[in-house]
Amino acid sequence: MEIITTPSEMQRWSRAHRSGAGRVGFVPTMGALHEGHLHLMRTAREHASAVAASIFVNPLQFNRRDDFDTYPRPMDDDLALCESVGIDAVYAPTAATMYPEGFETHVEPGSLGDPMEGAMRPGHFRGVTTVVTKLFNAVQPDVALFGQKDYQQLAVIRRMTIDLDMGIEIIGVPTVREPDGLALSSRNRRLTPEDRAAAVAVPVALTAALRAYRAGEASGRTLEQCATEILAAEPRARVEYVQVFDANTLVSIDRVDRPSVIAAAVWFGDVRLIDNMLLD
Ligand code: PAF
């Protein structure tokens with residue numbers, strides 16, 4: 001496995017692997033890897049002859065300094081995990097390489113970046129679209145894989161690759177969960193044992209809404225209320241939002257009469273978790 005730290009080296013690697021019938025797959029990450037990332041990496045292998053992953057904690061997408069500072073960075077463990085799933089190259093640039101003095105160009109997301117995470121974390125998606133564009137330009141993948149846990153991020157990136165004619169196939173991969181249903185997230189490791197136990201309320205609440213929908217409830221507000229009531233019964237949870245929205249436009253909807261999603265952002269102590277389920 002090669003470890004690459006500059007865009008020019010990364011581009012060279014990619015050019016070498018894309019020659020002939022080669023197809024480059026790419027899994028961008030911020031490190032602190034867990035089984036969800038490894039699942040993305042293994043899935044990437046099914047779609048590509050060479051797979052690169054990136055590890056870069058992107059300062060541009062954090063709207064809170066403390067969240068950026070405390071974001072876990074177990075680089076040696078991460079590299080070993082990449083190796084264990086057969087990653088061919090890890091792109092791990094420094095912040096100074098990504099954003100050298102004088103850096104001033106950003107990629108502005110459209111309206112898909114406005115609600116939910118965009119409303120709660122101003123500037124977040126502008127940071128994501130900017131870094132993902134830079135990572136795509138360095139890695140030059142044919143196909144890139146993102147987790148559906150970050151549903152809105154996946155939608156914003158899909159839109160961006162279409163709007164900017166990037167010619168990269170974007171694959172969304174279903175969320176990997178703990179046995180009790182908690183969605184895997186790098187932030188889970190910052191939960192106290194008590195908050196970890198309480199955090200199961202998130203998938204329980206979303207599953208209750210999904211069951212209510214499958215039982216015939218089609219009111220978006222009622223489904224949100226169903227999930228909110230379960231979260232409200234967990235004293236350690238502080239709900240930021242619970243929202244039912246159109247799976248394509250991400251607009252909040254009153255009636256679930258099209259492909260839709262229910263998503264939530266919930267705090268446990270100083271850790272903010274997000275999760276979602278498709279209302280299928
Ligand atoms: O989902 C993430 O880990 C990050 O938002 C990403 C896509 C790697 C960009 O920094």
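Note that the numbering runs from 1 along the sequence shown for the chain. When a ligand or atom number is given, it counts from 1 through the structure's own listing order. The shown structure was predicted, so the numbers you read here are calculated from the model rather than taken from an experiment.
When hydrogens are left out, the protein atom nearest atom 7 (C) of ligand 1 is Gln153 NE2, 3.6 Å; that is the closest non-hydrogen contact.
By the 6.0 Å and 45° rule, Arg126 does not stack over the aromatic ring of Phe62.
Put simply, the side chain of Arg45 gets close to the backbone of Gly86: a donor and an acceptor are under 3.5 Å apart. Under the 3.5 Å distance criterion, the side-chain polar atoms of Asn276 are left unmatched by any main-chain donor or acceptor of Ile262.
Atoms of ligand 1 found under 4.0 Å from any heavy atom of Val131, numbered from 1 in the order shown, are 9 (C), 10 (O). Every atom of ligand 1 with a heavy atom of Gln61 under 4.0 Å away is listed here by number and element: 4 (C), 5 (O), 9 (C), 10 (O). The Pro28 neighbourhood of ligand 1 comprises atoms 8 (C), with distances under 4.0 Å to a heavy atom of that residue.
No hydrogens or angles considered: a donor-acceptor pair under 3.5 Å links the side chains of Tyr99 and Asn58.
In Thr29, the part holding a heavy atom less than 4.0 Å from any atom of ligand 1 is the backbone.
The distance criterion of under 3.5 Å between nitrogen or oxygen atoms is not met by Asn58 with respect to ligand 1.
Atom CZ of Arg258 has more than 12 neighbouring heavy atoms from other residues, nucleotides or ligands inside a 6.0 Å radius.
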